[in-house]
Visitor: 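The structure is given below, and queries will be raised subsequently.
When a ligand or atom number is given, it counts from 1 through the structure's own listing order. Values reported hereafter were calculated over all heavy atoms of this structure, with side chains retained and with hydrogens, waters and symmetry mates removed.
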Amino acid sequence: MATVEDESSYDYVFKLVVVGDSGVGKTNLLGRFVHDTFDFASKSTIGLDLTIKNMIVKDKRVRAQIWDTAGQERYRSITKRYYRGSVGALLVYDITKRDSFSGISRWLNELRINEAHPDSIIMLIGNKSDLEKDRAVTQEEAMDYAKKNGLMFMETSALDNVNVETAFETLIYNIFDKLS
Ligand code: GDP
C-alpha cells in the first residue's frame, strides 16, 4: 500500500489521463509503468483508478497522478471530472484492431472539449507492438495522423515492456518543459 504524502512536498503535480477503447491495454500500460499504486476503496462506485508515479525531473520533484478509466469507457460515458485539470493524456489504440484506431478521433475530440489546460500534451500510443503478425494499422499512418493533429506518437508493448517507460517519461518531460 502506498503512503499518501502531503502534495506540498512536490514541486509539481501533473494530472494525466489515459483514454482509448476498451481492451487496447490501458490498464496494463499503467501497470508496467508504475510501481507505486493505490486503488480508491470506492473504485467500484466511482469507476476511476488513480495511480501515482513520483519522479525527479531536472532536480525537481514531480508527482504524476495518472487516471485510468477502470472500464468506464465501455459505457461511453466518462465524466467531465475525469478530464478536469489534466495537463496530459495518453490516447491508446491497439495496432491489431483497426476499430480502435478509428475510434481515436472521438477520444481526441472528447479530450479537447473537456481538458482544462490549453497547453495539454497528448501522446498517441499504438499498443501491442509485439503482435506484428496481426498488425492492422501501419506506423506511417499513425504517425501521419499524429502529425496532422499535433500529437506525439509511439508504439509500445505492455506485454514485452517495450517503450512503455519511454512513452510516459517523454510525455511527462514535455509537460514539464511546457509548464515549468
Ligand atoms: P484496457 O481495457 O484498455 O485497460 O486493456 P487491458 O490493459 O485490460 O488489456 C486488454 C487485453 O489486452 C488483456 O488481455 C491484456 O493482456 C492484453 N494486452 C495488453 N497490452 C498488451 C500488449 O502490449 N501486447 C499484447 N499481446 N497483449 C496486451
Visitor: Could you tell me which atoms of ligand 1, counted from 1 in the order shown, lie closer than 4.0 angstrom to a heavy atom of Leu159?
Guide: 22 (C), 23 (O), 24 (N), 25 (C), 26 (N)
Visitor: To the closest 0.5 Å, what do you measure between CG (Leu124) and CE (Met154)?
Guide: 11.5 Å
Visitor: Check the surroundings of atom NZ in Lys178: do more than 12 heavy atoms from other residues, nucleotides or ligands lie under 6.0 Å from it?
Guide: yes
Visitor: Could you tell me which atoms of ligand 1, counted from 1 in the order shown, lie closer than 4.0 angstrom to a heavy atom of Gly25?
Guide: 1 (P), 3 (O), 5 (O), 6 (P), 7 (O), 9 (O), 19 (C), 20 (N)
Visitor: Counting heavy atoms only, which of Thr27, Asn127, Asn161, Asp94 comes nearest to atom 4 (O) of ligand 1?
Guide: Thr27
Visitor: Just to verify, which of Ile66, Thr156, Val34 counts as forming a side chain to side chain contact (heavy atoms under 4.5 Å, CB included) with Phe168?
Guide: Ile66
Visitor: Set out, in order, the CA-CA distance, both residues' side-chain angles and the distance that settles side chain to side chain donor-acceptor pair (under 3.5 Å) for Asp68 and Thr27, then state yes or no.
Guide: CA-CA 7 Å; Asp68 183 19; Thr27 306; 3.0 Å; yes
Visitor: Do Asp134 and Thr96 have a side chain donor and acceptor closer than 3.5 Å?
Guide: no
Visitor: Tell me whether Lys60 forms a cation-pi arrangement with Phe176, defined as NZ or CZ under 6.0 Å from the six-membered ring centre and within 45 degrees of its axis.
Guide: no
Visitor: Answer side chain, backbone, both or neither: which part of Thr156 comes under 4.0 Å from ligand 1, heavy atoms only.
Guide: neither
Visitor: Under 4.0 Å from any heavy atom of Ser22, which atoms of ligand 1 are there?
Guide: 2 (O)
Visitor: For ligand 1, which atoms sit closer than 4.0 Å to a heavy atom of Leu131?
Guide: 26 (N)
Visitor: What class does the angle between the rings of Tyr145 and Phe101 fall in, given that below 30° is parallel, 30 to 60° is tilted and above 60° is perpendicular?
Guide: perpendicular
Visitor: Would you mind running through ligand 1 and noting each atom that sits below 4.0 Å from a heavy atom of Asn28?
Guide: 6 (P), 7 (O), 8 (O), 9 (O), 15 (C), 19 (C)
Visitor: Number the atoms of ligand 1 from 1 as they appear, then name those within less than 4.0 Å of a heavy atom of Asp130, with their elements.
Guide: 22 (C), 23 (O), 24 (N), 25 (C), 26 (N)
Visitor: At less than 4.0 angstrom from any non-hydrogen atom of Ala158, what atoms of ligand 1 do you find?
Guide: 20 (N), 22 (C), 23 (O)
Visitor: List ligand 1 atoms under 4.0 Å from Ser157, heavy atoms only on the residue side.
Guide: 23 (O)
